[in-house]
Amino acid sequence: MNDSFKIQLDEKQMPSAWYNILPELPTPLAPPLHPATGRPVTPDDLKPIFPDAIIAQEMSQEPWIEIPGPVREIYKLWRPSPLHRARNLEKALKTPARIYYKNEGVSPPGSHKPNTAVAQAYYNKMAGVKRLATETGAGQWGSALSFACGLFGMKCTVYMVKVSYNQKPYRKILMQVWGGEVYPSPTDRTNVGRAVLAKNPDSKGSLGMAISEAVEDAATHEDTNYALGSVLNHVLLHQTVIGLETKRQLELAEDKADIVIGCVGGGSNFGGMAVPFASDNIKGKESVEIIGVEPTSCPTLTKGQFRYDFGDTAGMTPLLLMYTLGHGFEPPGIHAGGLRYHGDAPILCNLVRSGLVKARAYPQNPVFEAALLFARTEGIVPAPETSHAIRAVVDEAIKCKETGEEKCIVCCFSGHGHFDLAAYDDYMAGRLVDYEYPEEMIAEALKDLPKFPTGI
Ligand SMILES: *Cc1c(COP(=O)(O)O)cnc(C)c1O
């Protein structure tokens with residue numbers, strides 16, 4: 001076994017293709033449905049907001065899709081990202097387990113999100129698109145897309161949920177540094193926004209509302225497209241660079257994963273890590289335990305229903321077959337803003353449904369307890385989202401201590417928490433609230449959902 005702290009690939013060892021699990025899924029993925037007709041969405045339906053290359057990837061049955069040269073060149077700014085052996089954390093836990101974390105926090109915006117932002121900006125640029133419109137909650141996705149658009153000389157318009165815009169000015173400034181234009185949503189720039197403001201001039205906004213504004217902006221401007229930072233198949237595809245690199249790094253370390261862990265908001269960082277490992281399980285080559293971790297306040301995979309639902313609050317986007325808490329569900333305002341989504345990526349939901357991936361949920365306080373332990377042993381301050389995965393890593397390592405099993409635990413470290421220090425302040429001051437599973441709210445949100453056969 002290799003005894004290094006950091007397992008680093010050189011640039012030549014970076015994957016040359018992304019891995020597409022669609023052709024391999026034990027149960028084929030159900031098609032997205034048109035919100036107006038309830039019929040499967042066609043490529044033509046998506047053309048007003050996505051370039052052809054992205055639409056093709058969304059539906060592709062090719063197992064490997066080449067990473068374009070210019071995307072690889074930009075990836076090299078921070079990729080391949082390091083895989084760390086968390087030796088200090090292991091010591092502190094007195095565990096016989098070996099813990100590894102794949103550090104996606106080394107990208108310029110500080111998370112895994114530019115892995116897809118750069119690819120999406122590239123395909124739009126090639127299609128002659130001049131501007132991308134998107135939404136952002138806490139600002140991670142908006143900053144990743146502003147960064148990516150800037151590198152390709154494109155404009156980026158970000159609809160940022162108003163409450164975050166006011167409360168979290170630093171991510172907004174970061175977007176502006178990279179050339180993005182940022183508006184507090186709801187705005188008076190769109191019909192959706194104006195309608196909301198007419199009813200409630202003091203609206204604080206929501207992610208679903210901001211999605212509706214960005215989609216309308218893209219659909220009504222010839223030179224503008226829309227970009228989504230999670231959930232969709234092409235986003236998970238681009239993120240597989242995480243899992244593919246990790247597998248090579250484990251080989252270098254002469255080790256093999258027993259457990260793979262990641263946090264789940266829309267499912268893109270965890271999906272990107274999990275898919276190459278799930279593929280080995282499907283082929284019968286391995287039996288890796290794969291665990292997605294979510295907050296108890298937004299327990300999509302652990303408490304949601306498996307059915308068709310809209311991607312946004314207004315019900316304007318296609319319906320996706322996924323575990324959902326209902327598109328009208330408004331999760332409590334926890335600090336892991338990136339994990340507050342009512343649904344999850346259909347690919348990930350499919351894997352959970354077929355038993356290839358497991359899910360568990362934690363409340364905020366135990367999550368931050370693990371985050372602090374991590375920061376004080378490994379040095380790096382994890383994002384609140386990432387800290388959910390770290391909680392599960394710590395629990396699995398403690399289990400190994402009890403049973404004496406020397407398991408290899410691998411975690412996707414989705415991002416650093418340098419813009420989330422207010423959350424750490426709240427935790428250390430004892431101000432964080434643990435939300436119970438809000439059963440009535442979920443029942444209420446699922447009540448009016450249209451029923452479509454799931455075929456499964
Ligand atoms: C956005 C974000 C997440 C959640 O999104 P996924 O699509 O589930 O990966 C998790 N961690 C960080 C650091 C993020 O920025």
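What's counted below: heavy atoms across the whole structure, side chains too, no hydrogens, waters or symmetry copies. Keep in mind the model is a prediction, meaning the values are calculated, not measured. In each ligand, atom 1 is the first atom listed, and ligand 1 is the first ligand listed.
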**Student:** Any idea which protein heavy atom is nearest atom 8 (O) of ligand 1, and the distance to it?
**Tutor:** Gly265 N, 2.7 Å

**Student:** Regarding Glu135 and Tyr226, do their side chains bring together a donor and an acceptor under 3.5 Å, going by distance alone?
**Tutor:** yes

**Student:** Just by distance, no angles: are the side chains of Asn115 and Glu104 close enough, under 3.5 Å, to form a donor-acceptor pair?
**Tutor:** yes

**Student:** I'd like to know if the side chain of Tyr19 pairs up with that of Ser279 as donor and acceptor (distance under 3.5 Å, no hydrogens or angles considered).
**Tutor:** yes

**Student:** Is the distance between the ring centroids of His388 and Tyr362 under 6.0 Å?
**Tutor:** no

**Student:** Any atom of ligand 1 sitting under 4.0 Å from a heavy atom of Gln239?
**Tutor:** no

**Student:** Counting only heavy atoms, which portion of Val264 has something under 4.0 Å from ligand 1: side chain, backbone, both, or neither?
**Tutor:** backbone

**Student:** How long is the gap from CD1 on Ile99 to CZ on Arg87, to the nearest 0.5 Å?
**Tutor:** 11.5 Å

**Student:** Which of the atoms of ligand 1 are close to Gly415, meaning less than 4.0 Å from one of its heavy atoms?
**Tutor:** 13 (C)

**Student:** Would Asn269 count as a polar contact of ligand 1, with the cut-off being nitrogen or oxygen pairs under 3.5 Å?
**Tutor:** yes

**Student:** Which residue from Glu385, Lys113, Gln140 reaches closest to atom 2 (C) of ligand 1 through any of its heavy atoms?
**Tutor:** Lys113

**Student:** I would like to know whether Glu396 and Lys407 meet salt bridge (Lys or Arg N to Asp or Glu O under 4.0 Å); could you show each step before the answer?
**Tutor:** CA-CA 9 Å; Glu396 290 303 314; Lys407 286 189 180 172; 5.3 Å; no

**Student:** Nearest to atom 7 (O) of ligand 1, what protein heavy atom do you find, and at what distance?
**Tutor:** Ser230 OG, 2.5 Å

**Student:** So, regarding Gly267 and ligand 1 (criterion: nitrogen or oxygen to nitrogen or oxygen, under 3.5 Å), is there a contact or not?
**Tutor:** yes

**Student:** Do Gly266 and ligand 1 have an N or O pair less than 3.5 Å apart?
**Tutor:** yes

**Student:** Roughly how far apart are Lys358 NZ and Glu289 CD, rounded to 0.5 Å?
**Tutor:** 3.5 Å

**Student:** Among all the protein's non-hydrogen atoms, which is closest to atom 11 (N) of ligand 1, and how far away is it?
**Tutor:** Ser414 OG, 2.7 Å

**Student:** How close does the nearest protein non-hydrogen atom get to atom 4 (C) of ligand 1, and which residue and atom is it?
**Tutor:** Gly338 O, 3.4 Å

**Student:** So is Arg85 actually on top of Tyr100's ring, under 6.0 Å and inside 45° of the axis?
**Tutor:** yes

